[in-house]
Amino acid sequence: MRWDPPFYDWLSDFSTCGNALVDLLNPLAGERVLDVACRTGALTAAIAGRGATAKGVCGDPGKIDAARSSHPDAEFEVSNVFELATDEPYDAAFSYSAFHWLPRPEDALASVRSVLRPSGRLVVDMGAAGSWAILIGGLAKAAAEHGLPEEVSLPWHFPSPAQQAALLESAGFRVRSMEVSDRSAPMVDCRGGAGDWWRTVGAPVLATFPPAQVDELLAETTRITRPALTGSDGVWRADGKRLRFVAEAA
């Protein structure tokens, strides 16, 4: 999976929506805040810039090295999201555009809950049910036309509000707010459109198809999805949906 900063910026609409999530978190001076799956640490640094004591954790050592190099005033650690630990509970936890990539979401939420103080808040923006539906449907249709299985295992978890609320409650949280929005991001690094997008974002899915058929499959996916995913400006946009919520540790 590719997560260099330029790619991350367009995929997750980082510069605008990520900082808006920091505003929603509203970190206070002196608060301890954990940035879960922080990647290269820009939002961890933004939280620290508000006066909070921020720590970013990520399972990728390369991303943590980049975060430490770019943001020396914030704290970062290579850590398994499913096995978080702390000597002093956090006042808040934060995560931007990462939770839909995590397997076993119920275990990830329970791990986050274990390091929060009672009434500590969790502020998250993640993919929602229906995200990338046109891209996924286009690949499925192209697969069927090539005599390949339409149903493939996807590496993402895109819950509905009701599903996410149930996961939060079972992990020991109370939901304070939750909203879904459409958010289409230009595919600035994918000049070939849907085919390039699948090679970049969905490589694990493509690995389930016969290698000799992948090029034709992606060419057909691009043809199928072009009318829906390109505008009059010719720019390709991924059909994203986002779920944003605030929860409180019970």
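Counting begins at 1 with the first residue of the sequence. No hydrogens, no waters, no symmetry mates; every other heavy atom, side chains included, goes into these values.
Considering only heavy atoms from C-beta on, Ser177 stays 4.5 Å or farther from Arg244 through its side chain. With a 4.5 Å cut-off on side-chain heavy atoms, Val201 and Trp156 count as touching. Using a 4.5 Å cut-off on side-chain heavy atoms (C-beta onward), Leu167 and Phe173 make no contact. Side-chain contact between Phe99 and Val36: present, with at least one pair of heavy atoms (C-beta onward) separated by less than 4.5 Å. Side-chain contact between Arg39 and Asp60 is absent, with no heavy-atom pair separated by less than 4.5 Å. For the pair Arg174/Leu168, no side-chain contact is recorded, criterion being any heavy-atom separation below 4.5 Å from C-beta on. For the pair Met187 and Leu135, the minimum side-chain heavy-atom distance is below 4.5 Å.
Leu21 and Val112 end up in different hydrophobic clusters when Ile, Leu, Val, Met, Phe, Trp and Tyr side chains are linked at under 4.5 Å.
Atom OG of Ser95 sits about 11.5 Å away from atom CG of Leu25, to the nearest 0.5 Å.
In this structure, Asp23 pairs ionically with Arg50, as a charged nitrogen and a carboxylate oxygen lie closer than 4.0 Å. Electrostatic pairing of Arg191 and Asp196 does not count as a salt bridge here, judged by no charged N lying under 4.0 Å from a carboxylate O. Salt-bridge annotation for Glu77 and Lys55: present, with a side-chain N of the basic residue lying under 4.0 Å from a carboxylate O of the acidic one. Using a 4.0 Å cut-off between charged nitrogen and carboxylate oxygen, Arg183 and Asp125 count as a salt-bridge pair. Salt-bridge check for Arg237 with Asp233: passed, with a basic side-chain N closer than 4.0 Å to an acidic carboxylate O.
Counting side-chain heavy-atom gaps under 4.5 Å among Ile, Leu, Val, Met, Phe, Trp and Tyr, the cluster of Phe76 also holds Ile64, Val78.
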Determine all donor-acceptor pairs shorter than 3.5 Å in which one atom belongs to a side chain in residues 26-33; sequence neighbours excluded.
residue: Glu31; atom: OE1; partner: Leu28; partner atom: N; Å: 3.0
residue: Glu31; atom: OE1; partner: Arg121; partner atom: NH2; Å: 2.7
residue: Glu31; atom: OE2; partner: Arg121; partner atom: NH1; Å: 2.9
residue: Glu31; atom: OE2; partner: Arg121; partner atom: NH2; Å: 3.4
residue: Arg32; atom: NE; partner: Pro89; partner atom: O; Å: 3.4
residue: Arg32; atom: NH2; partner: Thr86; partner atom: OG1; Å: 3.2
residue: Arg32; atom: NH2; partner: Glu88; partner atom: O; Å: 2.6

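With sequence neighbours left out, the side-chain hydrogen bond (donor to acceptor under 3.5 Å, both in side chains) criterion links Arg176 to Glu248.
A side-chain donor-acceptor contact under 3.5 Å links Gln163 to the backbone of Ser160.
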